[in-house]
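Just so it is clear, the structure is predicted and the values come from calculations on it, not from any experiment. Reckoned from all heavy atoms, side chains included, excluding hydrogens, waters and symmetry mates. Positions are given from 1 along the sequence.
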Amino acid sequence: LALGRLCETFPGCQRLVLRAQKVLEQELCRAVLAVERAKLDRLNAALPKSRTVATGSLMTMDMKNYLIAHSSHALRLAVTMREQQALGYALIEVYRLNGDALRQGHPLGLLAIDARQLFQTLVIERSALNAGLAPSMLRQIFEQHSCFTPSMRASWVENVASASFRADMQACMDLIGAKKRNGKTLASELEVVEIQYVEHPPSMQTYLARREELKVCVHPKCAGQAADAQTIGPLGPWTHAAIRRCQGLWADKTSFHWWLIAGEEVLNAATLVAETLEPEFAQILRAEHGLMNFRALPWPHLLSRPECGDTDSEVSLIWVVSQFSHSSRTNVKQINGVFQDADLNVVFWNSGHKDNTPARWDRSPVIYGSWCLEGREALLLPMEVYFQAALLLDTLAIHQGSSAEHKSELEAKFFEMRSQGVPENYRDILYYQERFYPIWEDRPGMMSCGQFRSLLFSGTVDKSHRRMEIQPFDVPEDLLEPPFCRRLGGFRRGITARLSPKPLDLNVNELYLLQGTTAQFQNDDPSSVQLQVLGSHSGASEGSGIYLTDSAFKADQYTEEHPNGLCAMLFCRVCLGRIINQSEGDRNSNSMRRGSEYHSVKVSQEVNEYVIFDPSQVYVEYLVWYRRRYQKLCES
């Protein structure tokens, strides 16, 4: 072939010979690139050993030059091949191993920028081919996703800079930073200072093209595999405004049940209290007395068109009921409901009871619900709910042959509170850190406005019904009781926030994930912010890839304070696609890289980590600046 003898012997096969020559040249490039990959893998494995923590330097100059040389060689090979997978791998390696040098203006950065532009072009071309979409259709999808008029774009940027959006982001980071997978709490001391909306059309267009391609690749049975993420639920960031505003406690006065809406779930309040009082009975209570676990969602036409009618209160609801029975089967049915008033204070379900009779729910005061105060769960509910929970526990005790004393003990505790200066007509209880605190209002109607008090403190719920602050009274220190010796701040459990005007796509397991960064951003250029997600030093336990997490606490471990005392965190949209799950200690996912049927790896340890092998599956939507010193909302 090299000497041209094939063409001389078989002149009619010249086109076939030239094609074979191109194939062999491509295979040769792939073989050379594989060698470079192996070298980079070995260098990467040795990289942590070369860190000298005592002196603060990461590596020697010879090691740095060696890394840059091999990364540059691999990147040039990938550009020559014009192969999407090779380019993606090379880009990740170049930015992850040489990110510090590139940020200092190394010439390799110019080559990387050109390679990234070529990669984006290849992704769009291949996605259009695999998804069966014409380029005009891809442009239409991009325009629909970013269909901001100048006034709408300015309005959303202004919304991102507002105090209410910052409070939502603070609550989200508290929620996903204060909890491990096993339910134990972690200290969360991250105060959100500023949020920047990152808008970079080329990266967004590449991301959307890849998302359309994944819709074809991901089987419907694989959708929803990331539903256990610690971040807010897949529907939380863009749920209809009516759903976001109906969080809290609702009363069905016909059946004398209390229902607690927390995020996407609605729970029987008495069952939740019983589980909290007696955790060892939680599984039995869910199976026998859980009655209903369900989610309230807008109608499907709102799911496909989230930009329409967000302020319209006349929205239909779907109540998806999972009713447990004594057998192993679970009965599932759907019930339709609507809001009956413009203030969203009444919900009417057409068959909300067991006998299929209609049900009417009335909103309770905004202070009621399941709250998270300083990383600990707190229940603020009417006294009747606690008595219902005690009856459930007494029923369980009788079935197990024990004495039924829960209700009598609660009645004695609540009666004893009246002898401590509590008003005779108090009807509400705060359960926090295994203690009961009586709650009442100074004047009628104050609870509906979010104001309440107890013996030692007063509390306030903000206008959004999502944040709570408790202020101790000015009394002698010997009369103060922990934990109410200082101001306490918290948020409603299961918070839903509108973090984006555009929906997440459940069909490709799209989530919001976090990544800590040590980068010093220059004028917050959107292009440089998008590139930083490739340069994470968060590890390589699952091979070369982009490492993200659903825990703010975990992401914070890979950030460094800037001279002004602030840290930066990337808040990313991520298409996980088809996920392979790996438990701690299992490192087989390194063989499940590009070219396989999987698009990401999920590592379940104390917190969830996710590894993405394709840069086009990650888009940085927000750059969050924070400091590691949590201030309460009332102090900031």
Which heavy atom of Met137 sits nearest to which heavy atom of Leu133, and what is that distance? CE-CD2, 3.5 Å
Value rounded to 0.5 Å, distance of CD1 in Ile113 from CG in Leu91: 11.0 Å
Minimum side-chain heavy-atom gap Asn608-Val603 below 4.5 Å: no
In the structure I gave you, are the side-chain heavy atoms of Val533 and Ile546 within less than 4.5 Å of one another anywhere? yes
Hey, are Glu510 and Arg211 close enough for a salt bridge, meaning a charged N less than 4.0 Å from a carboxylate O? yes
Identify, with sequence neighbours excluded, every residue that meets salt bridge (Lys or Arg N to Asp or Glu O under 4.0 Å) alongside Glu213. Arg126, Arg210
Any side-chain to backbone donor/acceptor pair from Ser127 onto Ile124? Under 3.5 Å, distance only. no
Below 30° counts as parallel, above 60° as perpendicular, anything between as tilted: where do the rings of His562 and Trp625 land? perpendicular
If you define the side chain from C-beta out and look only at heavy atoms, does anything of Asp550 sit under 4.5 Å from Leu514? no
Taking the side chain as every heavy atom from C-beta outward, state whether Arg82 and Leu87 have any atom pair closer than 4.5 Å. no
Shortest non-hydrogen contact from Asp614 toward Gln84: OD2-NE2, 3.6 Å
Do Val216 and Asn130 have side chains that get closer than 4.5 Å, going by heavy atoms? no
Chi angles and distances behind the side-chain contact (heavy atoms from CB on, under 4.5 Å) call for Phe491, Cys372: CA-CA 5 Å; Phe491 50 90; Cys372 180; 3.8 Å; yes
Check the surroundings of atom CD in Glu561: do more than 12 heavy atoms from other residues, nucleotides or ligands lie under 6.0 Å from it? yes
Minimum-distance pair of heavy atoms, taken over all atoms of Tyr558 and Lys554: CD1-O, 3.4 Å
Indicate yes or no for a side-chain donor-acceptor contact from Asn509 to the backbone of Leu576 under 3.5 Å, with no hydrogens or angles considered. no
Quick one, Tyr626 and Glu194 - any side-chain contact, counting heavy atoms below 4.5 Å? no
Please name the pair of heavy atoms, one in Ala568 and one in Leu623, separated by the smallest distance, quoted to 0.1 Å. CB-CD1, 4.0 Å
Which of Leu511, Leu548, Val508 passes side-chain contact (heavy atoms from CB on, under 4.5 Å) with Val574? It is Leu548
Nearest 0.5 Å, please: how far is CG in Leu122 from CD in Gln85? 11.5 Å
Specify the closest pair of heavy atoms between Ala90 and Leu75, including all atoms of both residues, with the distance to one decimal. CB-CD1, 3.7 Å
Tell me if a side-chain donor or acceptor on Thr517 pairs with a main-chain N or O of Met569 at a distance below 3.5 Å. no
In chain order, what residues pass the side-chain contact (heavy atoms from CB on, under 4.5 Å) check against Ser162, with sequence neighbours excluded? Asn159, Ser164, Phe165
Please verify the inter-ring angle class for Tyr512 with Tyr622; under 30° counts as parallel, over 60° as perpendicular, anything in between as tilted. tilted
Result block: side-chain N/O donor-acceptor pairs under 3.5 angstrom for residues 114-121, not counting sequence neighbours:
unit_1, atom_1, unit_2, atom_2, d
Arg116, NH2, Ser203, OG, 2.7
Thr121, OG1, Gln117, O, 3.0

Would you say the side chain of Ile579 lies within less than 4.5 Å of the side chain of His599, judging by non-hydrogen atoms? no
Measure the shortest side-chain to side-chain distance between Ile92 and Pro615 over non-hydrogen atoms and say whether it is less than 4.5 angstrom. yes
Is the terminal nitrogen or CZ of Arg573 (NZ for Lys, CZ for Arg) located under 6.0 angstrom from the six-membered ring centre of Tyr619 and within 45° of that ring's axis? no
Atom of Val94, atom of Ala112 and distance for their closest heavy-atom approach: CG1-CB, 4.4 Å
Taking Glu621 for the side chain and Cys572 for the main chain, is one N or O donor matched with an acceptor at less than 3.5 Å? no
Cys567 side, atom SG; Arg628 side, atom CZ - distance, nearest 0.5 Å: 4.0 Å
Result of checking Val192, Val160, Val624 against Arg166 for side-chain contact (heavy atoms from CB on, under 4.5 Å): Val192
For the side chain of Glu83 and the backbone of Ala78, is there at least one donor-acceptor N/O pair under 3.5 Å apart? no
Calculate, to the nearest 0.5 Å, the distance between atoms SG and CG belonging to Cys575 and Leu208 respectively. 8.5 Å
Could you grab the distance from atom CD of Gln515 to atom CD1 of Ile612, nearest 0.5 Å is fine? 10.5 Å
